[in-house]
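Input: a single structure, listed below in structure tokens.
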Amino acid sequence: MPNVLFANLPFLLRGAIVTLELSAVCALLASAIGIVAALAQSYGNLVARGIALIYLYLMRGTPLLVMVFAAYYLLPYVGIDVDPTTGGALVVSLYFGAFMSEVFRAALASVPRGQWDAGRALGMHGRRLMGIVIVPQALRLAGPPFINTCIMLVKGTSLVSVIGLAELTLTGREVVERTLAPFQVFGGVALIYLVICYSLSLCGKALETRLPHA
Amino acid sequence: MMARAMPVLLDGLAVTLELSALAIVLSLIWGVVLVLGRLSHLRPLRLACAGYLQLVRNTPVLVQMYFFYFGFAMAGLRLSGFTAGLLAMVLQNGGYMSEIYRAGIETVGARQREAGLALGMRPFEAFQIVIFPQAVRLVLPPMTNQFVAIVKDTALVSTLSVADMMFRARLLIDRTAAAFEIFADLTLMYLVLTAAVALLMRAAEWRLGAVD
């Protein structure tokens, strides 16, 4: 019986590569969005803070699937004609950007007050204070939750299969339609996700033990 | 249009609510079973529970739903989309719940109980006065996040043709082409729902004395 899985493994692996590429791009974009949102929320003026809060609340309170379909149905209306790949990548990045922002915000908040004071006492301000004292320490604290969010993101990319992006999950569905062996194929798909996400969590463990405490 | 879409979505709300409530209650129970296994003295049982946790935590719930829905149908034991979706959500979130319990149990720990007993409390008093308030304070906030995640995950059953809010919204869009209004309504309803869950849990924290 597992023959069905082995025979179709090349297809599934091709889907897995799309999932990996999509996840990498989205993780980068989501981190960038997350940093901007975290800074806006923590240090921005009233307008920036308001926009950041609305964005965070909207993304955290609605299902990713709703956002995926919203992009699929709404973008063409406003004249933005994007293919499923671009649309899917944008939505996943925006969605997990909100979770990334929480990771960075919490990390910034847990750098002790004394570190700011110490930096100022040494005559540092603004960009130098942030760049030399605060951000390096915050990044260490952000490591493990950052990896967790990346794992959520990899799993989240499975939802863009519903708008026709041929990543791992949609490839699995296509193979099932051809082979009529859902247990083996979806079992195999799940195993591939397991390998990707478990490797990520091992990276997280390594980060936790390697990085010196702030 | 906004007003016309609402009643149809409200019909779907019943399904979303039912699925959320069932998934939350069953995950809480399944989590207890898993954490008992995780903290058991039997090594094989401990390892099996740890392996299970890695399996459900590192695979997408959508793939698990497809696995149960299409898999059992092909094996001749057809599960409804609702059942398959519920099964996948409980299996996954039960795993997360067990981790939340474990963090609570390990942090509060046996010493706190011993300290209570040493002060002359009866075992139940020690639980009520010493253990429980500390555990609630640790466990409720992450549990709130998990409940919100469950409510949001229910939207996935729309891909198994379950007529929840998401499914009905798509039907409406196909029929009326008023996509903006329908998505505004849909988003609003999920926001209200998740905010309500968060508020209820916050109230529970107050009630259980977990907030200073």
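Since this is a predicted model, take the numbers as computed values, not measurements. The figures here come from the full heavy-atom set of this structure, side chains too, leaving out hydrogens, waters and symmetry mates. Chain letters run A, B, ... following the sequence lines, proteins first, then strands; residues in each count from 1.
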- Note on the structure: All heavy atoms of A:G61 vs all of B:K152, minimum pair found to be C-CD, 4.0 Å
- Message: Less than 4.5 Å apart, side chain to side chain, heavy atoms only: is that true for A:Y73 and B:D174?
- Response: yes
- Message: Counting C-beta onward and ignoring hydrogens, is there a side-chain heavy-atom pair between B:F183 and A:T62 closer than 4.5 Å?
- Response: no
- Message: Can you tell me which portion of A:S161 sits under 4.5 Å from chain B's heavy atoms? Options are side chain, backbone, both or neither.
- Response: side chain
- Task: Answer with side chain, backbone, both or neither: which region of B:T154 has an atom nearer than 4.5 Å to a non-hydrogen atom of chain A?
- Result: neither
- Task: Give, as side chain, backbone, both or neither, the part of A:V78 having an atom under 4.5 angstrom from any heavy atom of chain B.
- Result: side chain
- Say you draw a straight line from CG of B:L191 to CZ of A:R60; how long is it, rounded to the nearest 0.5 Å? 12.5 Å
- Item | Any side-chain heavy-atom pair of B:D153 and A:L65 under 4.5 Å | no
- Please examine the side chains of B:F72 and A:F183, heavy atoms only from C-beta on, and report whether any two atoms are closer than 4.5 Å. yes
- Task: Give a yes or no on whether A:Y55 atom OH has more than 12 heavy-atom contacts from other residues, nucleotides or ligands under 6.0 Å away.
- Result: yes
- Of A:L159, A:V154, A:T157, A:I196, the largest count of non-hydrogen pairs under 4.5 angstrom with chain B goes to A:L159
- Which atoms of B:L186 come close to chain A, meaning under 4.5 Å heavy atom to heavy atom: side chain ones, backbone ones, both, or neither? side chain
- Side chain, backbone, both or neither of A:V66 within contact of chain B (heavy atoms, under 4.5 Å): both
- Message: Test side-chain contact (heavy atoms from CB on, under 4.5 Å) on A:L58 and B:Y190; report intermediate values, then the result.
- Response: CA-CA 10 Å; A:L58 189 65; B:Y190 276 112; over 6 Å; no
- Task: Considering only heavy atoms, give the residues of residues 51-70 of chain B separated from chain A by less than 4.5 Å, sorted numerically, with 'none' for an empty result.
- Result: B:Q54, B:L55, B:V56, B:R57, B:N58, B:T59, B:P60, B:L62, B:V63, B:Y66, B:F67, B:F70
- Message: With a 6.0 Å cut-off (strictly less than), is the heavy-atom count around CG of B:L77, excluding the residue itself, greater than 12?
- Response: yes
- Take atom CZ of B:R113 as the centre, draw a 6.0 Å sphere, and report whether it contains more than 12 heavy atoms from other residues, nucleotides or ligands. no
- chain A heavy atoms under 4.5 Å from B:A198: which part of the residue, side chain, backbone, both or neither? neither
- Contact part of A:L194 toward chain B, heavy-atom cut-off under 4.5 Å: side chain, backbone, both or neither? both
- Query: So what's closer than 4.5 Å to chain B heavy atoms on A:L168: side chain, backbone, both or neither?
  - Reply: neither
- Separation of B:M166 CE from A:F69 CZ (nearest 0.5 Å): 5.0 Å
- Query: Taking everything shown except A:Y72 itself, do over 12 heavy atoms lie less than 6.0 Å from its OH?
  - Reply: no
